[in-house]
Amino acid sequence: MLNQELAKIFFEMSLLLEMKEVAFKPRAYENAAHTLEALEEDVKDIYKREGLKGLDAIPAVGKGIARDIEDFIRTGRIKEYERLKKKIPVDVAGLSSIEGVGPKLIKTLYNTLKIRKVSDLERAAHKGKLRDLPRMGEKLEAKILKGIEFLKTSHGRMLLGEARPIALMILGRLKKVKSVEDAKLAGSVRRWQETIGDLDFLVIAENPKEVIRTFTSMPEVAHIYSTGKTKTMVRLRAGIDADLRILPKESFGAAIQYFTGSKDHNVALRKSAIKKGFKLNEYGLYRGKKLVAGIDEKDIYKKLGLDWMSPEMRTNTGEIEAAQKHKLPNLIEYGALKGDLQTQTNWTDGANSIEEMAMEAKKMGHEYILITDHTKSLAMTGGADEKKLLRQMKEIDRLNKKMSGIMILKGAEVNIMKDGSLDISDSVLSQLDIVGASIHSHFTMPEKEQTARLIRAIENPHVDIIFHPTGRSLMKREPIRLDFDGVFRVAKKTRTILEINAHPRRLDLNGELVRKAKEYGVKFAISTDAHAVSELHYLDYGIAQARRGWATKNDIINAWPLTTLKTFLKKER
DNA sequence: GCCGTTTTCGGCCCGACTGTTTTCAGTCG
């Protein structure tokens with residue numbers, strides 16, 4: 001899909017233009033990048049069908065950018081982009097991914113210190129060269145070093161939300177190869193891990209050569225590391241490695257088990273196998289030299305006296321013990337949710353109208369959708385004040401009369417201020433169906449203050465859900481510091497729901513915290529934080545986190561009937 | 001460069017915060 005590649009280029013162009021201090025164009029390119037990121041149909045298909053006119057019809061894409069896209073489809077290059085790159089030969093995408101580094105600073109860094117990439121910047125910071133630049137000091141120098149450190153720890157990894165679609169596309173392609181009997185995805189993608197280091201494909205095939213040829217000649221392949229009879233490793237253009245293994249049928253289940261991991265889970269599993277007099281490896285479960293199980297993954301667990309467990313749970317944090325006692329939880333199922341509880345519209349920073357979001361939700365089979373636009377202290381999003389919220393409520397009433405098959409609920413993503421107060425008056429909050437509240441600033445407060453701040457918001461009688469409770473941004477920003485025991489205790493007491501945010505950049509709460517919160521009896525909402533109709537489909541990423549946290553249907557409020565949910569939330573306290 | 005229920009030209013989300021300064025530039029979302 002070209003959309004993602006183009007989005008990256010346009011985003012880079014917006015940064016380059018901003019460095020050149022060109023007015024307004026940066027925003028135009030940035031908007032186009034966002035639209036393409038969320039666009040469901042491949043621009044190539046649109047172009048094939050409707051030409052330049054079709055491209056022009058894409059929101060945020062006009063004549064100029066349509067021509068850029070055409071350029072890219074035809075030649076794989078964009079002239080304007082290459083012209084900019086030539087003038088400013090700097091890795092702006094890499095540098096700007098460091099928290100606290102933006103286009104202006106990148107420009108100064110290049111002009112004064114000839115810094116072109118992250119490693120240059122790191123060296124300069126270590127030498128204490130940054131502090132002497134205009135408007136810089138020791139603190140900012142240290143902040144940049146910390147930002148680089150953080151980036152490094154997540155280096156070479158990719159968000160699940162980016163990696164999974166690529167993996168599924170390649171899997172589909174492998175399955176179509178004639179001699180392929182079966183093809184499966186293993187590794188961290190199968191476990192729905194938050195970030196992905198590489199993609200693992202396992203295949204049974206009569207003619208391995210044909211499969212390997214298909215795999216290595218895919219357009220996505222940038223570099224072939226090695227290619228043999230049973231194993232091939234490549235680097236994809238998207239910036240991630242992919243491994244393909246061809247396996248004999250009798251070992252397929254064992255291989256899937258082995259390559260799914262996690263490593264810790266497998267070590268524990270092998271130990272338990274040894275204890276019971278078996279040997280377990282990627283080719284099968286053996287008693288002496290005799291193959292006891294191998295074709296079917298479930299069979300391997302069964303022979304070891306264990307219930308089969310879902311890959312999301314394989315973290316070696318008690319799942320093997322629970323499987324042995326037949327006490328694994330009955331996990332919430334994919335597709336079990338009845339509605340989305342966090343969505344933004346074009347009333348603030350979303351791309352689509354309330355009606356468009358509701359239509360898509362209906363198409364997905366949802367019973368309801370909660371509209372939760374930002375509030376006024378998030379000014380850059382056009383956050384709603386009381387008046388605007390009241391107007392939006394009227395609009396929702398109008399739409400509910402007009403539409404059938406979906407209920408639009410009135411909500412908001414109310415901003416939690418530094419002191420834990422909210423930026424919308426109680427009298428307006430009380431008129432909303434469901435109120436979400438979340439933190440968008442002061443991420444670095446000490447644990448004690450941050451905890452007190454969040455607890456104050458949780459204790460507000462109007463707040464039903466805390467959205468993305470830790471505020472983390474995967475591979476970019478750390479979670480805020482919280483005393484989770486304290487937070488979970490108060491959330492339970494006040495019947496305040498914690499969100500499992502399904503946005504691939506957030507996944508917040510994560511599985512580990514879900515499991516901990518669940519022990520306190522906290523209930524959860526799984527919601528997408530969708531800013532466009534296409535993002536409403538993120539729900540599965542949240543469900544995966546819930547499953548890793550051992551959550552059942554009973555723990556997830558939007559898996560319940562709407563009436564049950566509403567009764568539960570009525571917390572006149 | 002994009003966009004239009006005031007506009008095909010003339011606008012273009014803007015407030016809070018931080019670390020630098022001693023009035024503000026840069027970044028964030």
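Bear in mind the structure is a predicted one, so any value in this text is a computation, not a measurement. Here is how names work: the chains are called A, B, and so on, in the same order as the sequence lines, proteins then strands, and each is numbered from 1.
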*Separation of A/Tyr29 atom OH from B/dC2 atom P, in whole Å?*
7 Å
*Residue A/Ala28, side-chain heavy atoms: nucleotide from B/dG19, B/dT27, B/dC2 that is nearest*: B/dC2
*When you compare B/dA16 with B/dT21, how far apart are their P atoms, in angstrom units rounded to a whole number?*
24 Å
*Across all strands, who's sitting opposite B/dA16 as a Watson-Crick or G-U wobble pair, both distances under 3.5 Å?*
B/dT27
*Could you check whether A/Pro59 gets within reach of a base, just the sugar-phosphate, or nothing at all, counting any heavy atom under 4.0 Å?*
sugar-phosphate
*Determine the contact category for A/Lys25: base if any of its heavy atoms lies under 4.0 Å from a base atom, sugar-phosphate if only primed atoms, P, OP1 or OP2 are that close, otherwise nothing.*
base
*Dump the intermediate steps for side-chain contact (heavy atoms from CB on, under 4.5 Å) on A/Lys376 and A/Lys388, then the final yes or no.*
CA-CA 9 Å; A/Lys376 61 188 172 195; A/Lys388 189 169 170 179; over 6 Å; no
*A/Met445 CE - B/dC17 P separation (whole Å)*: 11 Å
*Inter-nucleotide C1' distance (B/dG11, B/dT6), Å rounded*: 13 Å
*Take atom CG of A/Asn346 and atom P of B/dG4, then tell me their distance rounded to the nearest Å.*
11 Å
*Just how far, in rounded Å, is P of B/dT21 from CE of A/Met136?*
11 Å
*I would like to know whether A/Glu80 and A/Tyr29 meet side-chain contact (heavy atoms from CB on, under 4.5 Å); could you show each step before the answer?*
CA-CA 12 Å; A/Glu80 175 67 8; A/Tyr29 275 98; 4.3 Å; yes
_Under the criterion side-chain contact (heavy atoms from CB on, under 4.5 Å), I'd like the reasoning laid out for A/Phe10 against A/Asp68: C-alpha separation, chi angles, the key distance, then a yes or no._
CA-CA 9 Å; A/Phe10 289 149; A/Asp68 287 345; 3.9 Å; yes
*Does any donor-acceptor pair link the side chain of A/Arg135 with the base of B/dC24 at a separation under 3.5 Å?*
yes
*A/Leu140 CG - B/dC17 C1' separation (whole Å)*: 12 Å
_Regarding A/Val22, tell me which of base, sugar-phosphate or nothing describes its non-hydrogen contacts under 4.0 Å with the strands shown._
nothing
*Contact class for A/Lys376 (heavy atom, under 4.0 Å): base, sugar-phosphate, or nothing?*
nothing
*Which part of the nucleic acid, if any, lies within reach of A/Glu138 when heavy atoms closer than 4.0 Å are counted: base, sugar-phosphate only, or nothing?*
sugar-phosphate
*Side chains of A/Glu499 and A/Asn501: donor-acceptor distance under 3.5 Å anywhere?*
yes
*asked:* From CD1 of A/Ile144 over to P of B/dC28, roughly how many Å is that when rounded to an integer?
replied: 10 Å
*Given atom NZ of A/Lys63 and atom P of B/dT8, what is their separation to the nearest angstrom?*
15 Å
*Between B/dG26, B/dG1, B/dC14, spot the one nearest the side chain of A/Arg27, thanks.*
B/dC14
*asked:* Taking only the C1' atom of each, what is the distance from B/dC13 to B/dC2 in whole angstrom?
replied: 15 Å
*Under 6.0 Å from the six-membered ring centre of A/Tyr110 and within 45° of its axis: does the NZ or CZ of A/Lys114 meet both?*
yes
*Base, sugar-phosphate, or nothing: which does A/Pro134 touch, judged by heavy atoms less than 4.0 Å apart?*
nothing
*asked:* Can you see if the side chain of A/His442 gets near the phosphate of B/dC17 - specifically, an N or O under 4.0 Å from OP1 or OP2?
replied: yes
_Applying a 4.0 Å non-hydrogen cut-off, can you work out what A/Leu105 is touching in the nucleic acid: base, sugar-phosphate, or nothing?_
sugar-phosphate
*Can A/Phe24 be said to stack with the base of B/dC2, given centres closer than 5.5 angstrom and planes under 30 degrees apart?*
no
*Send over the distance from A/Leu17 CG to B/dC2 P, rounded to a whole Å.*
12 Å
*Ion pair present between A/Arg49 and A/Glu41, side-chain N to carboxylate O less than 4.0 angstrom?*
yes
